[in-house]
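What follows is a set of notes on a single structure, which appears directly below.
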Amino acid sequence: MAASSNSSLSSSSVSSDPEDYQPPIWKSYLYQLQQEAPRPKRMTCPQEVERRPKYYGREFHGMISREYTDGLLGGVEGAYLIRESQRQPGTHTLALRFGQQTLNYRLFYDSKHFVGEKRFESVHDLVTDGLITLYIETKAAEYIAKMTTNPIYEHLGYTSLLRDKTMRRLGHVRTEPRRVTFQRDDMISSSPAVRRSALRDSPEKQSFYHKIHNFKVHTFRGPHWCEYCANFMWGLIAQGVRCSDCGLNVHKQCSKLVPSDCQPDLRRIKKVFSCDLTTLVKAHNTTRPMVVDMCIREIELRGLKSEGLYRVSGFSEHVDDVRLAFDRDGEKADISANVYADINIIAGALKLYLRDLPIPVITFDLYSTFIQAAKNTNADSRLEGIHEGLLQLPPAHYETLRYLMAHLRRVTMFEKDNLMSAENLGIVFGPTLMQPPEQNALATLNDMRQQKLVMQLMIEHEDVLF
């Protein structure tokens, strides 16, 4: 049965032409096994049992021995009952007949019934799911172990079409940051103009915005097949996982093998603020979040000379209005002077967006890299350490940071009017763009000087570092 399913898949037509696209042929073997699995048979107690928990029905038999339980189940496949444990009074055991033996499971209840990770509304559903899993894993253990070895994900047309369409539509190709050595010698001058020339002459390569899938356990209503291996997703509930960003459905074990090629569906992105940065830019087909672009555009249009720009706070309720506008209207949000005359409201909204990112612009895993670079006493080594950290940032984070630093450098050009030097901006943006992996107040306090210095150096040397 399994062999015939596999052969039908391998003969599927594969084409990158949308007109020739053939949908995948799903493998039916595991689905057929689920249909064959034993059905649950509740063994009820003929008399009322004292102290029966209210969340159990007549399948509860009170405190009985294992031997007596075997007799009640009578060797019937799928038969089950609940008993109170003799060894541990007050605890309950699910006794289930499968494979010509009685299996005993510690049974729990916390508004739902469970013996493992899955939680069920009723004991009957729990047993149904358990019998399906036991039957399939017993009958098809070898098949399950090998089912990921010939995936449809990379070979069938629909994935290739998605990838080709994405590449054509995105064009999201970013120039990889070039590696630079910061040293004052005849090769690389301390002059920014000469160092920029050295950067331009460095080799470039292309990289795409890779994004891992955001898989979460999911209960599928009706039969569903894995979009990685093409096999049936068995069970009654929590049969697999679904990417909450693009909707890909796969087995839990298959999710570990899926490439980092998630292309978020804009319809699944519920909000702009507090959304993962890479997810947002891929969903909107941009190199940077539209919040960053739109706020900076508005600030540079009418706010570069505003005294205390980014240091002075706008009214919090108005800042929240801007947040709601972006979440509701996206790139159509109106943040013009007609609606928000005070530029500090727009600046506050930009800071709020950056501060609320689930993964900061300078990612958690690179936080210590930047902090250690700032602690270096040698000025050139300090810049080189920061540059090494920048090279490791995810593309969307790098592009956002590059654009923001270029903007902040332009802000410093109006320091006589806005009183915001690179150091002052570093004080403001350090804690906004850099957050330690462990939210430890003492550690954050100790790192504030380094956070400020990292931002200050990136603003002052933006032309070289980026």
Side-chain angles (χ1 to χ4, degrees), residues 1-16 20-40 77-78 98-99 115-120 125-163 212-263 265 268:
M1 194 182 306
S4 63
S5 298
N6 286 331
S7 62
S8 67
L9 178 70
S10 61
S11 64
S12 300
S13 171
V14 180
S15 171
S16 60
D20 297 334
Y21 167 65
Q22 296 293 325
I25 297 176
W26 306 115
K27 304 175 186 178
S28 61
Y29 178 47
L30 298 180
Y31 175 73
Q32 292 169 9
L33 286 183
Q34 174 160 312
Q35 298 301 101
E36 298 169 5
R39 297 294 184 261
E77 283 288 282
F98 178 81
V115 296
E117 291 182 357
K118 294 184 179 183
R119 282 162 164 73
F120 299 83
D125 286 349
L126 185 156
V127 174
T128 303
D129 185 85
L131 287 169
I132 291 170
T133 302
L134 287 168
Y135 188 78
I136 288 179
E137 292 182 354
T138 299
K139 293 282 187 180
E142 185 177 350
Y143 181 90
I144 292 171
K146 295 179 179 179
M147 70 182 184
T148 60
T149 57
N150 185 29
I152 64 164
Y153 192 80
E154 289 295 334
H155 303 299
L156 280 192
Y158 76 102
T159 303
S160 301
L161 286 175
L162 172 62
R163 183 165 51 247
I212 62 173
H213 290 271
N214 184 18
F215 286 119
K216 295 181 180 178
V217 175
H218 190 77
T219 294
F220 299 95
R221 304 300 176 190
H224 267 72
W225 274 258
C226 175
E227 294 171 31
Y228 181 80
C229 71
N231 282 288
F232 179 66
M233 302 167 77
W234 66 90
L236 204 61
I237 67 167
Q239 304 96 327
V241 294
R242 168 176 286 176
C243 176
S244 58
D245 295 333
C246 71
L248 182 70
N249 303 317
V250 296
H251 291 111
K252 188 176 181 180
Q253 59 266 46
C254 291
S255 69
K256 300 170 185 175
L257 304 173
V258 175
S260 299
D261 60 356
C262 176
Q263 179 58 40
D265 184 345
R268 295 179 178 274

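This structure is a prediction, so every number in the text was calculated from the model and none was measured. Note that these values count all heavy atoms, side chains included, but never hydrogens, waters or copies made by symmetry.
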CG (Leu134) with more than 12 external heavy atoms under 6.0 Å: yes
Glu137 side chain to Thr133 side chain, donor-acceptor N/O pair below 3.5 angstrom: no
Nearest-0.5 Å distance, CD of residue Gln263 to CG of residue Asp261: 9.0 Å
Test item: Trp26 side-chain N/O and Phe232 main-chain N/O as donor-acceptor pair under 3.5 Å: no
Interatomic spacing from NZ in Lys118 to CG in Asp125 - rounded to 0.5 Å: 11.5 Å
Side-chain touch Arg268/Asp245, heavy atoms, less than 4.5 angstrom: no
By salt bridge (Lys or Arg N to Asp or Glu O under 4.0 Å) - contacts of Lys252 (at least two apart): Glu117
Any donor-acceptor pair under 3.5 Å from Asp129 side chain to Leu236 backbone: yes
Qualifying residues under salt bridge (Lys or Arg N to Asp or Glu O under 4.0 Å), relative to Lys146, sequence neighbours excluded: Glu142
Nearest heavy atoms of Pro259 and His213, plus distance in Å: O-CD2, 3.3 Å
By ring pair (Phe, Tyr, Trp, His ring centres under 6.0 Å) - contacts of Phe120 (at least two apart): none
His251 ring center within less than 6.0 Å of Trp234 ring center: yes
